[in-house]
Amino acid sequence: MKKSAIALLAIVLLAGCASPGKITKRDYKKDVLIQTTMGDIVVRLSDLTPLHRDNFIRLVKQHYFDGLLFHRVINHFMIQGGDPDSRNAPAGKPLGDGGPGYTIPAEFNPVLFHKKGVIAAAREGDDVNPRKASSASQFYLTQGKVFTNAGLDSLENGRLKGRKIPENYRAVYTTLGGVPHLDGNYTVFGEVIKGVDVIDKIAAVPTSKGIDKDRPLQDVKMLKVSMIKRIN
């Protein structure tokens, strides 16, 4: 092979390897497969939240989530992961403060709310984060519970301080279920289209009551997170 051909081949190979997190148009037509130690979950990201969608795709293509734990698990609420400090974290270590060093501006959309099985971004509290910017890597998958209309009324008059839950949300929260008090406070950016039962299994595991509160006593790991061809 001629030197010029070898040089050209080297340039092509380097270009292909230089940006492992580069997003292509094809990525927008793919889903995200989260392979865990308790089963597989398939997530479809929303085009209504392009900043969160693109950031998540970029991290997936960098293999950022591979080997991380679901480090915060609360039954009838949600399961949370994405802290890079959780990779190979020793038992008993408190987790939840790690990330890639930047945040994503909030992208609230009325079409996206906290029904069971959505993916949403974790974030720091309002006292230090009044604009509700999202963690760039920590996310949660909702489980929640099924509400009665009376239960939603009570939530409106109490925790929501008079804020009304839209009727179309109510129809979902009283059938499928979810976590309505999070609406308008955390960015939902997609939903699980396969493996909601895996969320239920993970949410039910025993968790710590110590300084690593809500961490599963036996690690629940994301073995591999990857982009896959859409299943439907």
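These numbers were taken from a predicted model, which means no experiment stands behind them. Here, residue 1 is the first one in the sequence, and each next residue gets the next number. Heavy-atom basis, side chains included; hydrogens, waters and symmetry copies ignored.
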Exercise for the section: Side-chain contact test, heavy atoms from C-beta onward, threshold under 4.5 Å: evaluate it for L223 versus T36 and give yes or no. Expected result: no

Problem - Spacing of CG belonging to D47 relative to CG belonging to N109, to within rounding of 0.5 Å - result: 11.5 Å

Exercise for the section: Answer yes if Y140 and I74 sit in the same cluster of Ile, Leu, Val, Met, Phe, Trp and Tyr residues linked by side chain heavy atoms under 4.5 Å apart, and no otherwise. Expected result: yes

Practice task
Taking all non-hydrogen atoms of both residues into account, name the closest pair between S137 and G82 and its distance.
Solution key: OG-O, 2.8 Å

Handout entry: Plane angle bin for F77 and H181 - parallel if under 30°, tilted between 30 and 60°, otherwise perpendicular
Key = parallel

Problem - Side chain to side chain, V172 and N168, heavy atoms closer than 4.5 Å - result: no

Completion exercise
Between P100 and A136 the two heavy atoms that sit nearest each other are CG-CB, 3.4 Å

Practice task
Answer yes or no on whether R123 is positioned over the face of Y186, meaning its NZ or CZ is under 6.0 Å from the six-membered ring centre and within 45° of the axis.
Solution key: yes

Handout entry: Check against side-chain contact (heavy atoms from CB on, under 4.5 Å), T49 and V188
Key = CA-CA 8 Å; T49 52; V188 175; over 6 Å; no

Exercise for the section: Check whether any side-chain N or O of K61 sits under 3.5 Å from a backbone N or O of I23 as a donor-acceptor pair, and report yes or no. Expected result: no

Fill in the blank from the handout: The reported gap from OG in S86 to CD in Q80 (rounded to nearest 0.5 angstrom) is 10.5 Å

Problem - Sole residue of I79, V118, I199 in side-chain contact (heavy atoms from CB on, under 4.5 Å) with T142 - result: V118

Fill in the blank from the handout: OH (Y102) and OG (S135) are apart, to the nearest 0.5 Å, by 9.0 Å

Exercise for the section: Check whether V205 and V192 end up in the same hydrophobic cluster, where Ile, Leu, Val, Met, Phe, Trp and Tyr are linked by side-chain heavy atoms less than 4.5 Å apart. Expected result: yes

Problem - Separation of R163 CZ from N157 CG (nearest 0.5 Å) - result: 12.5 Å

Problem - For R215, the option from V220, T207, L95 that meets side-chain contact (heavy atoms from CB on, under 4.5 Å) - result: L95

Problem - Donor-acceptor pair, side chain of E107 and main chain of L51, under 3.5 angstrom - result: yes

Exercise for the section: Mind checking the CE-NE2 spacing from M78 to H114? Nearest 0.5 Å is all I need. Expected result: 10.5 Å

Exercise for the section: Verify, without hydrogens or angle tests, whether Y64 (side chain) and V225 (backbone) share a donor-acceptor contact under 3.5 angstrom. Expected result: no

Handout entry: Stepwise side-chain contact (heavy atoms from CB on, under 4.5 Å) test for D183 and Y173
Key = CA-CA 12 Å; D183 290 337; Y173 287 137; 2.7 Å; yes

Fill in the blank from the handout: Here the gap from D31 atom CG to K194 atom NZ, rounded to the nearest 0.5 Å, amounts to 11.0 Å

Exercise for the section: Please name the residue in the list M222, Q35, K224 that meets the side-chain contact (heavy atoms from CB on, under 4.5 Å) test with D66. Expected result: K224

Problem - T175 side chain vs A171 backbone, donor-acceptor pair below 3.5 Å - result: yes

Practice task
Check the surroundings of atom CZ in R26: do more than 12 heavy atoms from other residues, nucleotides or ligands lie under 6.0 Å from it?
Solution key: no

Handout entry: Side chain proximity check, R87 to K221, heavy atoms < 4.5 angstrom
Key = no

Practice task
Identify the heavy atoms of I165 and L152 that sit nearest to each other, and give their distance.
Solution key: CD1-CD2, 3.8 Å

Exercise for the section: Test side-chain contact (heavy atoms from CB on, under 4.5 Å) on D126 and R131 and set out the steps. Expected result: CA-CA 7 Å; D126 289 356; R131 294 189 177 184; over 6 Å; no

Exercise for the section: Test the R53-F189 pair against the cation-pi criterion, namely NZ or CZ under 6.0 angstrom from the six-membered ring centroid and within 45° of the ring axis. Expected result: no

Practice task
Mark yes or no: K30 above the aromatic ring of Y28, with NZ or CZ under 6.0 Å from the six-membered ring centre and no more than 45 degrees from the axis.
Solution key: no

Exercise for the section: Give a yes or no on whether a salt bridge exists between E191 and K115, defined as a side-chain N under 4.0 angstrom from a carboxylate O. Expected result: yes

Problem - Hydrophobic cluster identity match, I41 and M227, side-chain contacts under 4.5 Å - result: yes

Practice task
Answer yes or no: is there a side-chain heavy-atom contact under 4.5 Å between N149 and T174?
Solution key: yes

Handout entry: Co-membership, hydrophobic cluster, residues I104 and V60, 4.5 Å side-chain
Key = yes

Problem - Short N-O contact, R58 and D27, less than 4.0 angstrom - result: no

Practice task
Would you indicate whether the side-chain heavy atoms of D214 and V73 approach each other to under 4.5 Å?
Solution key: no

Completion exercise
Taking every heavy atom of P180 against every heavy atom of L155, the minimum-distance pair comes out as CG-CD2, 3.5 Å

Problem - Heavy-atom check, side chain of L48 versus side chain of L112, under 4.5 Å - result: yes

Problem - side-chain contact (heavy atoms from CB on, under 4.5 Å) evaluation trace for R72 with Q138 - result: CA-CA 10 Å; R72 183 173 180 239; Q138 291 198 42; over 6 Å; no

Handout entry: Nearest heavy-atom neighbours spanning L45 and I57
Key = CD1-CG1, 3.6 Å

Practice task
Taking ring-ring contact (aromatic ring centres under 6.0 Å, His included) as the test, write out the residues that go with F70, two or more places apart.
Solution key: none

Problem - Heavy-atom side-chain proximity of D200 to K116 below 4.5 angstrom - result: yes

Problem - Given T103, N185, T187, the one that forms side chain to side chain donor-acceptor pair (under 3.5 Å) with K132 - result: N185

Handout entry: Ring-ring centroid check F65 F139, cutoff 6.0 Å
Key = yes

Exercise for the section: Spell out, yes or no, whether I119 and Y169 are grouped together once hydrophobic residues are joined by side-chain heavy atoms under 4.5 Å, including indirect joins. Expected result: no

Handout entry: Whether K201 side chain and M38 backbone form a donor-acceptor pair below 3.5 Å
Key = yes

Completion exercise
Scanning both residues in full, the closest heavy-atom pair of Q143 with A203 reads OE1-CB, 3.4 Å

